[in-house]
K.L.:
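Dropping the structure in here first, questions after.
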Amino acid sequence: MARYPAELVRKRTLFDGSEVTIRPINADDASIEADFVRHLSPESRYSRFMVTLNELPTTKLRYLTDVDYDKHMAFVATLPQDGKETEIGVARYIVDPNGASCEFAVAVGDAWQGSGVAGILMATLMDTARARGLTSMEGIILATNHRMLKFARQLGFTPHRDWDEPDTVHVARPL
């Protein structure tokens, strides 16, 4: 089992003044991750996973929460709600086999979109990838997800269309 990188836990403030905790995910987060995905709108779930699903299969949930913090890193944004920790966003990267680049994914709860949490998560993710020696980051975004494409451009990602895959846009940036 990998050592939990507690030194990466941070408090951050959203645009509305709400304080969130940004921290590496861990295997014990399976229930809050499942709850987070369950409460995403169907459109948000499809934008993130590129398939229609209502519930994460157990193996996928384990994969998303039991990370090694080296080749697979994920950060959650949480805040207290009704006396318990609630996940409002998650961002992750997985290192490519070449060991120099990684692929990212990010999802934010519908009620928190536009709050600044995606930017905080992505900045944390990119800083961590850079600190771990990765030199580039890339992602695959649905071509119809104009909001995410705009966000990626704002973060310095360059979009590339692959005409063999017309439903998606590949984005990349150096770290």
Side-chain angles (χ1 to χ4, degrees), residues 1-10 21-38 40 44-53 55-78 87-109 117-143 145 147-149 151-162 164-165 167-175:
M1 178 180 245
R3 180 190 69 80
Y4 184 79
E7 69 278 6
L8 297 177
V9 177
R10 303 277 188 275
T21 300
I22 305 296
R23 63 172 180 76
I25 202 164
N26 65 62
D28 293 337
D29 289 326
S31 64
I32 69 168
E33 176 76 3
D35 197 48
F36 170 72
V37 171
R38 191 177 303 115
L40 290 173
S44 291
R45 277 194 303 269
Y46 188 79
S47 291
R48 166 56 185 92
F49 296 103
M50 297 186 192
V51 295
T52 303
L53 59 79
E55 196 82 27
L56 286 172
T58 304
T59 54
K60 182 74 167 177
L61 185 58
R62 186 176 311 111
Y63 173 76
L64 294 174
T65 57
D66 194 6
V67 302
D68 67 9
Y69 309 114
D70 181 33
K71 302 289 186 207
H72 185 176
M73 172 59 84
F75 288 94
V76 290
T78 66
E87 181 179 331
I88 64 168
V90 60
R92 73 185 59 248
Y93 70 71
I94 299 170
V95 178
D96 290 338
N98 66 22
S101 63
C102 61
E103 184 174 335
F104 80 92
V106 62
V108 172
V117 72
I120 292 168
L121 283 166
M122 285 300 296
T124 303
L125 197 67
M126 289 187 291
D127 289 347
T128 303
R130 193 177 302 110
R132 301 265 163 92
L134 299 175
T135 58
S136 64
M137 183 175 275
E138 57 191 57
I140 305 214
I141 301 171
L142 288 171
N145 192 346
R147 190 172 181 172
M148 183 62 189
L149 289 167
F151 177 64
R153 282 192 296 277
Q154 290 170 337
L155 291 174
F157 286 85
T158 302
H160 303 280
R161 292 298 295 258
D162 178 353
D164 292 334
E165 296 288 335
D167 295 339
T168 61
V169 177
H170 179 262
V171 297
R173 67 158 284 157
L175 291 170

K.L.:
Would you check if Ile88 and Thr78 make a side-chain contact, meaning some heavy-atom pair closer than 4.5 Å?
P.N.:
no
K.L.:
How long is the span from the CD1 atom in Ile94 to the NZ atom in Lys71, to the nearest 0.5 Å?
P.N.:
12.5 Å
K.L.:
Do Thr168 and Asp162 make a side-chain contact, defined as non-hydrogen atoms from C-beta onward lying under 4.5 Å apart?
P.N.:
no
K.L.:
Please list all pairs passing the side chain to side chain donor-acceptor pair (under 3.5 Å) test where one or both residues lie in residues 151-161, with sequence neighbours left out.
P.N.:
none
K.L.:
Evaluate the side chain to side chain contact (heavy atoms under 4.5 Å, CB included) criterion for residues Thr21 and Arg10: first the C-alpha distance (whole Å), next the side-chain angles of each, then the deciding distance (0.1 Å), finally the verdict.
P.N.:
CA-CA 6 Å; Thr21 300; Arg10 303 277 188 275; over 6 Å; no
K.L.:
A side-chain contact here means heavy atoms from C-beta on lying under 4.5 Å apart; do Phe36 and Val76 qualify?
P.N.:
no
K.L.:
Hey, are the side chains of Thr128 and Tyr69 touching, using non-hydrogen atoms and a 4.5 Å cut-off?
P.N.:
no
K.L.:
Evaluate the criterion side chain to side chain contact (heavy atoms under 4.5 Å, CB included) for residue pair Phe151 and Asn145; output intermediate values, then yes/no.
P.N.:
CA-CA 10 Å; Phe151 177 64; Asn145 192 346; over 6 Å; no
K.L.:
Which distance, rounded to the nearest 0.5 Å, do you find between the CG of Asn98 and the OG of Ser136?
P.N.:
7.0 Å
K.L.:
Once you round to the nearest 0.5 Å, how far does CG of Asp167 lie from CD1 of Ile140?
P.N.:
12.0 Å
K.L.:
Quick check: closest heavy atoms across Leu121 and Ala77, and the distance to 0.1 Å?
P.N.:
CD2-N, 4.0 Å
K.L.:
Between Leu155 and Met126, is a side chain to side chain contact (heavy atoms under 4.5 Å, CB included) present by the stated rule, with each step listed?
P.N.:
CA-CA 10 Å; Leu155 291 174; Met126 289 187 291; 4.1 Å; yes
K.L.:
If you measure from the Lys or Arg side-chain nitrogens to the Asp or Glu carboxylate oxygens, is any gap between Arg23 and Asp29 under 4.0 Å?
P.N.:
yes
K.L.:
For the atom pair CD (Glu87) and OG (Ser31), what is the distance rounded to the nearest 0.5 Å?
P.N.:
9.5 Å
K.L.:
How would you list, by chain and number, every residue that makes a salt bridge (Lys or Arg N to Asp or Glu O under 4.0 Å) with Asp35, sequence neighbours excluded?
P.N.:
Arg38
K.L.:
Evaluate the criterion side chain to side chain contact (heavy atoms under 4.5 Å, CB included) for residue pair Met73 and Val67; output intermediate values, then yes/no.
P.N.:
CA-CA 6 Å; Met73 172 59 84; Val67 302; 5.6 Å; no
K.L.:
Could I get the full list of ring pair (Phe, Tyr, Trp, His ring centres under 6.0 Å) partners for Phe157, not counting sequence neighbours?
P.N.:
Phe104
K.L.:
What is the distance from atom SG of Cys102 to atom CZ of Arg132, rounded to the nearest 0.5 Å?
P.N.:
11.0 Å
K.L.:
Side chains of His72 and Val95: does their closest heavy-atom pair fall under 4.5 Å?
P.N.:
no
K.L.:
Check whether any side-chain heavy atom of Val171 sits under 4.5 Å from a side-chain heavy atom of Met137, and report yes or no.
P.N.:
no
K.L.:
Please answer whether the main-chain N or O of Thr58 pairs with a side-chain N or O of Tyr63 as donor and acceptor at a distance below 3.5 Å.
P.N.:
no
K.L.:
Are Met122 and Val106 close enough that some pair of their side-chain heavy atoms sits under 4.5 Å apart?
P.N.:
yes
K.L.:
Any side-chain heavy-atom pair from Ile25 and Phe75 closer than 4.5 angstrom?
P.N.:
no
K.L.:
Using a strict 4.0 Å threshold on nitrogen-to-oxygen distance, state whether Arg130 and Asp127 make a salt bridge.
P.N.:
yes
